[in-house]
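All values reported here derive from a predicted model rather than from experimental measurement.
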Amino acid sequence: MGVKMTTQEEEYSLGHGGRVDADTVDGRHLSEIIMEARKYSGGQKSFQLPASYIIFKDGNNTCALNGATGTVKCGSNASEIFNWCYGNLTSGGLIFFKGNFIIESTIYPTDMTSLVGEGISSSVLTAGSSLTGSVIGYSNPSHPTWGLRSLRFANFRINCGSKTVDAIKIKMAYSTMDNLFITGGSPKCDGVGINVTTEGLTDYRGENHINNVFIHSFTRGALWYEPDDSRFSNIDTYSCGNESYSSVVIKGSNNNITNCLFDSSGKNNIEIHAIKNRFSNSRFESSKEDLVKIYVETSSYVSSIQFSNCHFLFKNAIANNTYALIYGYAPSTGRVNALKLDSCVFSNDVASIPKYAILLERDDYCTISNNTFTTAPSTAQVSIDNLWIRTTVRNNPGFNPVGKLATPFETTSGIVGLGGDESAPTSATTYAVSGVDCLITSSGGTVSDITIYDSANNVIESGITSMTMARYLPIGYKIKFTFTVTPTVAVYGN
């Protein structure tokens, strides 16, 4: 379908004595308002609206009113009008729009521009039958280092109408999204709600702010985010993802996420692939597999992930006794470092039974403290594989005190406590207390010496051959048994 526009901008004369019914405003009336305002401001031709362009419906046409001149451009294709306005904003500006617009080709923002609606009910961009790619997208960002700069999207709705498109796919930095309602339709849109990519860029900085956004019904996820150094608040996701795609994927580092509700139908509720991402006062609910997956992809590490005052609710899993609420995965040469979980709540729906509340593989410097466990896992609340001594698990009601540990020793790593896989010690091996503070007793066997050290290897006690009175060893303290016949050693985690 061709696009029909006026061949020149038309300026309409005042014909209503300056009195306009707000319910019947069209392009002519808007132009009249500007000229009437000029007249009452002393005829100053410098008078202009606060928007560079106002886009509105005029019958079946989409029209754009120039906020400075009062001239109007109209056409039958809404996408053409939006892109025409953006093309004229070579030094930035504001586009305000009201109405429901069918978008048949992608809208391409330009640097330092704002696209603002009146509200999520009255300002709507709807994916048309011919649209491919995304409703809002990018085309040759002017800055190849970090993409489009200083964008703003606010106060409107995007309806993808079950199409195979993303709602927004953009390369941007120093930009904001605020008060957006993004829906995929029913059945779900086969795309992503908000996709912020760094593909082809040389600098991954973002410093973007995404606030007060609702994203609903996208099979490939609600949010895919690759830049660094950004802020998210009041993000609400619902029914996004599927068995192959997670609802939220964070690929960038040093992002702050707060006051969010992530309700998912995806493989994972959220995947985290990079360092220094911080979550607070948020709720993570529902997933097909692990609720939160911290994913180390290479022989490197993911460090300094923090969750504070969050609620993790395990439900709607595709299989019971298989997955965890938080799964920290690392390959044999990688590591999950400095994960911090503080003052969080872990729970599960009665119909969905996790295998673990927390499962960490190859971790170091992790701190799990002051959390409440009401989960009923099939195997363990907390399971830590290949634990290093610098991980601590303390003061977690529902988990601490742990009680007697069946397999507290791990000879290869030299640890005793959480993360062990052996029931008895090996002679002349020094074991460092890991995960939890421990009470240790020893009796029987043929023992020539038991030596206890502090974390700096200073000898606290030696020359004893049994410990019928338990010794309390905090995390980092060490113990060595020397024997010819293995004693009976009991280890109790605090």
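A donor atom on one side chain and an acceptor atom on the other are found under 3.5 Å apart for Asn254 and Asp229. A donor-acceptor contact closer than 3.5 angstrom is absent between the side chains of Thr367 and Ser369. Checked by atom type, the side-chain pair Glu226/Thr197 shows a donor-acceptor distance below 3.5 Å. Between the side chains of Ser253 and Asp228, a donor-acceptor pair is found at a separation under 3.5 Å. With no hydrogens or angles considered, no side-chain donor-acceptor pair links Asn400 and Asn395 at under 3.5 Å. Residues Ser76 and Asn61 have side chains that never bring a donor and an acceptor to within less than 3.5 angstrom of each other.
Between atom NZ of residue Lys188 and atom OG1 of residue Thr183 there is a gap of 11.0 Å, rounded to the nearest 0.5 Å. Rounding to the nearest 0.5 Å places CD1 of Ile235 at 9.5 Å from CD1 of Ile257. From Phe312, atom CZ reaches atom CG of Asn371 across 8.0 Å, with rounding to the nearest 0.5 Å. Atom CD1 of residue Ile305 and atom CG of residue Asn277 lie 4.5 Å apart, to the nearest 0.5 angstrom. Expressed to the nearest 0.5 Å, how far CG of Leu261 lies from OG of Ser282 amounts to 8.5 Å. Going from atom CD1 of Ile103 over to atom OG of Ser134 covers 11.0 Å, rounded to the nearest 0.5 Å.
Here the closest non-hydrogen pair linking Asp290 and Ala324 is OD1-N, 2.8 Å. Residues Ala274 and Gly252 share a closest heavy-atom pair of CB-O, 3.2 Å. Listed here is the closest heavy atom pair of Glu289 and Phe314: O-CE1, 3.7 Å. The two residues Leu291 and Glu285 have their closest heavy-atom pair at CD1-C, 4.0 Å. In terms of heavy atoms, Pro331 sits closest to Val296 at CD-O, 3.2 Å. Contact detail for Leu151 and Ser175: the closest heavy-atom pair is N-OG, 2.8 Å.
Residue Phe279 is tested with Cys310, Cys344, Ser308 for a side-chain contact (heavy atoms from CB on, under 4.5 Å); the sole match is Cys310. Checked options Ile120, Leu180, Asn212, Val116; the residue passing with Asn155 is Val116 (criterion: side-chain contact (heavy atoms from CB on, under 4.5 Å)). Put simply, the residue from Phe153, Phe82, Phe56 that forms a ring-ring contact (aromatic ring centres under 6.0 Å, His included) with Phe97 is Phe82.
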| message | Does Asp236 form a side chain to side chain contact (heavy atoms under 4.5 Å, CB included) with Ile215? I'd like the steps, not just the answer. | response | CA-CA 6 Å; Asp236 189 343; Ile215 308 172; over 6 Å; no
Show the numbers, then the answer: is there a side chain to side chain contact (heavy atoms under 4.5 Å, CB included) between Phe101 and Thr62?
CA-CA 8 Å; Phe101 300 89; Thr62 296; 3.5 Å; yes
Take Asn195 and Arg220, measure what side chain to side chain donor-acceptor pair (under 3.5 Å) needs, and give me the verdict at the end. CA-CA 10 Å; Asn195 184 344; Arg220 295 176 185 264; over 6 Å; no
Please step through disulfide (SG to SG under 2.5 Å) for the pair Cys189 and Cys160, ending with a clear verdict. CA-CA 6 Å; Cys189 174; Cys160 288; 4.3 Å; no
- Query: Do Thr106 and Ile136 pass the side chain to side chain contact (heavy atoms under 4.5 Å, CB included) test, and can you show the C-alpha distance, the side-chain angles, and the key distance before you say yes or no?
  - Reply: CA-CA 6 Å; Thr106 300; Ile136 296 174; 5.8 Å; no
Before giving the answer on side chain to side chain contact (heavy atoms under 4.5 Å, CB included), spell out for Val135 and Asn159 the whole-Å C-alpha distance, their side-chain angles and the decisive distance to 0.1 Å.
CA-CA 9 Å; Val135 177; Asn159 179 12; over 6 Å; no
Start with the C-alpha distance between Phe307 and Phe284, add both sets of side-chain angles, then the distance that settles ring-ring contact (aromatic ring centres under 6.0 Å, His included), and finish with yes or no. CA-CA 11 Å; Phe307 294 90; Phe284 304 84; 5.8 Å; yes
Mind running side chain to side chain donor-acceptor pair (under 3.5 Å) on Ser246 and Glu271 for me, showing each step along the way? CA-CA 7 Å; Ser246 296; Glu271 292 180 26; 2.7 Å; yes
Just do the side chain to side chain donor-acceptor pair (under 3.5 Å) check on Thr391 and Tyr365 with the steps written out, would you? CA-CA 5 Å; Thr391 287; Tyr365 292 106; over 6 Å; no
| task | For the pair Thr126 and Asn100, evaluate side chain to side chain donor-acceptor pair (under 3.5 Å) and give the outcome as yes or no after the intermediate values. | result | CA-CA 7 Å; Thr126 298; Asn100 188 340; 3.0 Å; yes
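A donor-acceptor contact shorter than 3.5 Å links the side chain of Asn66 to the backbone of Ala68. Counting only distance, with no hydrogens or angles, the side chain of Asp363 and the backbone of Glu361 share no donor-acceptor pair below 3.5 Å. Counting only distance, with no hydrogens or angles, the side chain of Asp166 and the backbone of Gly193 share no donor-acceptor pair below 3.5 Å. Remark: side-chain polar atoms of Asn88 are paired, donor with acceptor, to backbone N or O of Trp84 under 3.5 angstrom. No donor-acceptor pair under 3.5 Å is formed between the side chain of Thr237 and the backbone N or O of His216. Although no hydrogens or angles enter the test, the distance criterion places no donor-acceptor pair under 3.5 Å between the side chain of Ser247 and the main chain of Ser264. Between the side chain of Ser230 and the main chain of Asn208, a donor-acceptor pair closer than 3.5 Å is present. A donor-acceptor pair is defined here as one N or O able to donate and one able to accept, closer than 3.5 Å; such a pair exists between the side chain of Thr322 and the backbone of Asn320. A side-chain donor-acceptor contact under 3.5 Å links Arg362 to the backbone of Ala330. Side-chain atoms of Ser130 do not come within 3.5 Å of backbone N or O of Glu104 as any donor-acceptor pair.
Taking a 6.0 Å sphere around NZ of Lys340, one finds it holds 12 or fewer heavy atoms contributed by other residues, nucleotides or ligands. Counting heavy atoms of neighbouring residues, nucleotides and ligands inside a 6.0 Å radius, atom CZ of Phe373 exceeds 12 of them.
Aromatic rings from Phe232 and Tyr225 are positioned such that their centres are separated by under 6.0 Å.
Between Arg205 and Glu207, no side-chain nitrogen of the basic residue sits less than 4.0 Å from a carboxylate oxygen of the acidic one, so the salt-bridge criterion is not met. In summary, Glu199 and Lys171 do not engage in a salt bridge, as defined by a charged side-chain N under 4.0 Å from a carboxylate O.
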Return all side-chain donor-acceptor pairs below 3.5 angstrom for residues 347-355, not counting sequence neighbours, or 'none' if the list is empty.
residue, atom, partner, partner atom, Å
Ser347, OG, His311, NE2, 2.8
Asn348, OD1, Ala376, N, 2.8
Asn348, ND2, Ser352, O, 3.1
Asp349, OD2, Ala351, N, 2.9
Ser352, OG, Asn316, N, 2.9

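Judged by the 6.0 Å distance and 45° axis criteria, Arg149 is not positioned over the aromatic ring of Tyr174.
Annotation: side chain to side chain contact (heavy atoms under 4.5 Å, CB included) contacts of Thr176 (sequence neighbours excluded): Arg152, His209.
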